[in-house]
Amino acid sequence: MAAKGSSSNMEKEQMFWMAEKEMEYRVDLFNRLTQTCFDKCVEKRYKETELNMGENSCIDRCVSKYWQVSNIVGQMLGNRPQM
């Protein structure tokens with residue numbers, strides 16, 4: 001019975017580790033997306049306190065494309081054979 005309990009603890013630890021890695025990945029993805037779209041779409045010298053229409057549109061397109069590419073890459077990595 002002790003082996004069964006330790007096996008369960010190992011599974012919980014592994015699930016916790018995987019969830020932690022997933023969270024780190026998501027935070028990194030969000031930070032890269034934010035930085036990439038900001039650098040691409042927002043002028044270096046701020047003229048206004050709010051985003052203008054062009055910047056808003058650019059950010060919308062940038063975020064949409066970033067998510068599309070991330071999903072495609074994730075699907076491709078998920079479908080590749082395990083070694």
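- Judged by distance alone, the side chain of Asp28 and the main-chain N or O of Glu24 form no donor-acceptor pair under 3.5 Å.
- In this structure, Thr34 contributes its side chain and Phe30 its backbone to a donor-acceptor pair below 3.5 Å.
- Linking Ile, Leu, Val, Met, Phe, Trp and Tyr whenever their side-chain heavy atoms come within less than 4.5 Å leaves Val73 and Leu33 in two separate clusters.
- Hydrophobic cluster membership differs between Met15 and Met23, with clusters built from Ile, Leu, Val, Met, Phe, Trp and Tyr side chains linked at under 4.5 angstrom.
- On the SG-SG cut-off of under 2.5 Å, Cys58 and Cys37 do not qualify.
- Asp60 CG to Lys65 NZ: the interatomic distance, rounded to the nearest 0.5 Å, is 12.0 Å.
- When each of Lys12, Glu20, Glu13 is checked for a side chain to side chain contact (heavy atoms under 4.5 Å, CB included) with Phe16, only Glu20 meets the rule.
- Atom CD of Glu22 has more than 12 neighbouring heavy atoms from other residues, nucleotides or ligands inside a 6.0 Å radius.
- When every heavy atom of Glu55 is checked against every heavy atom of Glu43, the shortest pair comes out as OE2-N, 3.4 Å.
- Linking ILVMFWY side-chain heavy atoms closer than 4.5 Å, directly or via other members, places Met18 and Val27 in two distinct hydrophobic clusters.
- Checking side-chain atoms of Gln75 against main-chain N and O of Ile72 turns up no donor-acceptor pair under 3.5 Å.
- Cluster annotation: Tyr46 and Leu51 are assigned to the same hydrophobic cluster (Ile/Leu/Val/Met/Phe/Trp/Tyr, side-chain heavy-atom contacts under 4.5 Å, transitive).
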